[in-house]
Amino acid sequence: MLTGRRRHQTHWYERTRMPITTVNPATGAPLARYDTHDDDRVEHLLARAHVATRAWGRTPLERRVAVLHTVAGRLRADRDRLARLITEEMGKPLAEARAELEKSAATCDFYAERAAGMLGDEPVDVPEADAWVAYEPMGLVLAVMPWNFPFWQVMRFAVPSVVAGNGVFLKHSPNVTGCALEIERLFRAAGLPEGVLTTVLLAEPRVPEVTARLIADDRIAAVTLTGSTGAGAAVAAAAGRAVKKSVLELGGSDAFVVLADADVEAAAATAVRARFLNAGQSCVCAKRFVVEEPVADRFTAAFVAGVRALVVGDPTDSRTDVGPMARADLRDGLDRQVAESVAAGARVLTGGGPLPGAGFFYRPTVLADAGPGVAAFDEETFGPVATLTVAADEEHAVRLANASPYGLGLSVWTGDRKRGAALARRVTTGAAFVNAMVVSDPRLPFGGTRRSGYGRELAAVGLREFVNVRTYWAAH
């Protein structure tokens with residue numbers, strides 16, 4: 001008979017070896033089962049990745065660029081199969097999954113075409129010496145990635161890191177394990193040496209401890225995380241203890257500000273897409289709609305009509321606009337936020353609860369009279385729920401836009417672009433878009449401020465987050 005201590009130890013061991021089972025969120029049915037990695041397997045993968053990354057960092061840039069071109073071609077050639085995998089694992093409509101893959105391919109092309117300029121030595125005019133700045137590989141980077149854009153979130157970090165000569169040690173979200181393994185196979189098939197991009201599969205109870213241990217390991221040079229603010233704080237603390245570089249892309253509760261001189265119909269039509277793309281499961285989705293009082297009724301009517309016209313259903317059906325949420329617990333958490341908001345005085349204009357039947361569907365929801373003190377305004381709502389708040393004037397709109405602990409993106413709608421840019425400068429965010437919805441683009445740096453994180457991805461700035469910016473001085 002096992003003693004209490006031995007029973008506890010056995011239970012812990014079983015929990016740490018728990019397999020990963022992926023689930024189709026449209027049906028609730030299991031998809032696949034994956035064995036997770038124990039400590040010995042993690043050590044084997046880490047040792048192999050460390051050696052492979054050191055060799056990759058010495059590989060000529062031309063070969064690294066060639067890998068990116070091949071990855072782009074393979075993404076496009078295998079688009080339909082990979083899009084179906086994305087849809088099966090996390091529920092987004094097939095059209096959105098295909099767009100995610102094309103964006104990933106375009107990012108490969110972007111860096112392949114520009115890597116030489118971004119990574120080339122930069123001479124510095126110093127009379128007494130030949131001096132230059134070099135951008136050299138940093139090493140193996142631990143990447144903790146989320147499920148909402150299973151390919152894009154990984155690719156927007158991995159592509160510039162790999163072309164810079166770094167390695168990627170990927171801990172992806174368990175509900176998109178199939179996508180994680182496909183990304184690794186994709187790079188290997190494109191010519192990336194084994195170990196340079198490695199996926200580690202961890203049982204959920206092990207993630208905090210193993211992640212902290214990996215960050216402390218000398219073979220990990222840096223860490224990046226896209227996810228919740230709580231997870232980011234834990235990773236930042238571990239990186240701080242290890243004195244290692246970290247980049248965090250965390251939550252968001254973006255404001256979408258509509259001023260009285262805006263094109264209200266255009267703003268409302270864009271607002272529907274800005275909120276309900278990917279079933280609202282995006283850090284950079286617009287979530288808080290702040291509208292100046294003179295146009296509030298017109299905007300509200302147009303916005304609600306657009307939301308009611310959305311087709312919710314089977315994500316493999318081309319007529320579907322909004323698929324299921326990715327997991328049951330996420331749907332339940334969102335429903336709690338809506339209930340708490342209504343209890344605090346918000347009004348449901350449309351939607352307001354889960355859809356009955358199989359799968360993790362939630363009705364596209366609009367809440368009016370939502371301001372500070374209302375859960376759906378104060379917290380990040382990671383699903384198809386929008387809040388509407390009326391601002392008395394522009395000054396009030398700025399205060400409402402800033403009334404959030406997050407600072408990722410901002411969209412401002414106005415008939416005067418200069419006015420929109422001036423307003424944006426008064427709101428603290430990592431990006432500001434005037435008369436357009438906030439998006440990420442490989443040509444532009446992407447990242448947040450405040451509780452939305454720090455550091456940047458994409459563009460030259462993102463590539464250089466994970467390089468050693470090295471000064472050379474050769475005296476005459």
Between [X] and [Y], does at least one N-O distance fall below 4.0 Å, as a salt bridge requires?
{"X": "Arg156", "Y": "Glu249", "answer": "yes"}
{"X": "Asp80", "Y": "Arg98", "answer": "yes"}
{"X": "Lys245", "Y": "Glu465", "answer": "yes"}
{"X": "Glu395", "Y": "Arg426", "answer": "yes"}
{"X": "Arg419", "Y": "Asp261", "answer": "yes"}

Exercise for review: Indicate, with yes or no, if the rings of Phe446 and Trp152 have centres closer together than 6.0 Å.
Suggested key: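 Between Trp152 and Phe446, which both carry aromatic rings, the centre distance is not below 6.0 Å.
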Practice item. Output every pair passing salt bridge (Lys or Arg N to Asp or Glu O under 4.0 Å) with a member in residues 263-280, not counting sequence neighbours, ordered by first then second residue. Key: Glu265-Arg298
For residues 222-231, please give each side-chain donor-acceptor pair under 3.5 Å, one per line with the distance, not counting sequence neighbours.
from: Thr224; atom 1: OG1; to: Val247; atom 2: O; distance (Å): 3.3
from: Ser228; atom 1: OG; to: Ala231; atom 2: N; distance (Å): 3.1
from: Thr229; atom 1: OG1; to: Arg451; atom 2: O; distance (Å): 3.1

Practice item. Decide whether Tyr454 and Ser246 meet the rule of one side-chain donor and one side-chain acceptor closer than 3.5 Å. Key: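 Distance-only check passes for Tyr454 and Ser246.
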Exercise for review: Output the distance between atom CZ (Arg84) and atom CZ (Arg79), rounded to the nearest 0.5 Å.
Suggested key: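 CZ of Arg79 is found 12.0 Å from CZ of Arg84.
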Practice item. Could you grab the distance from atom CG of Leu101 to atom CG of Leu85, nearest 0.5 Å is fine? Key: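 These two atoms lie 9.5 Å from each other.
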Review point. Relative to Tyr135, does Arg464 satisfy both conditions: NZ or CZ under 6.0 angstrom from the six-membered ring centre, and within 45 degrees of the ring's axis?
Key: yes
Check your understanding: Heavy atoms, side chains only, cut-off 4.5 Å: are Ile215 and Val235 in contact?
Key -> yes
What pairs of donor and acceptor atoms, side-chain ones from residues 287-296 against any protein atom, are under 3.5 angstrom apart with sequence neighbours left out?
from: Lys287; atom 1: NZ; to: Gly252; atom 2: O; distance (Å): 3.3
from: Lys287; atom 1: NZ; to: Ser282; atom 2: O; distance (Å): 2.7
from: Lys287; atom 1: NZ; to: Cys283; atom 2: O; distance (Å): 3.1
from: Lys287; atom 1: NZ; to: Cys285; atom 2: O; distance (Å): 3.3
from: Arg288; atom 1: NE; to: Ser253; atom 2: O; distance (Å): 2.8
from: Arg288; atom 1: NE; to: Ser253; atom 2: OG; distance (Å): 3.3
from: Arg288; atom 1: NH1; to: Leu400; atom 2: O; distance (Å): 2.8
from: Arg288; atom 1: NH2; to: Ser253; atom 2: O; distance (Å): 3.1
from: Arg288; atom 1: NH2; to: Ala401; atom 2: O; distance (Å): 2.9
from: Glu292; atom 1: OE1; to: Ala260; atom 2: N; distance (Å): 2.7
from: Glu292; atom 1: OE2; to: Glu394; atom 2: N; distance (Å): 3.3

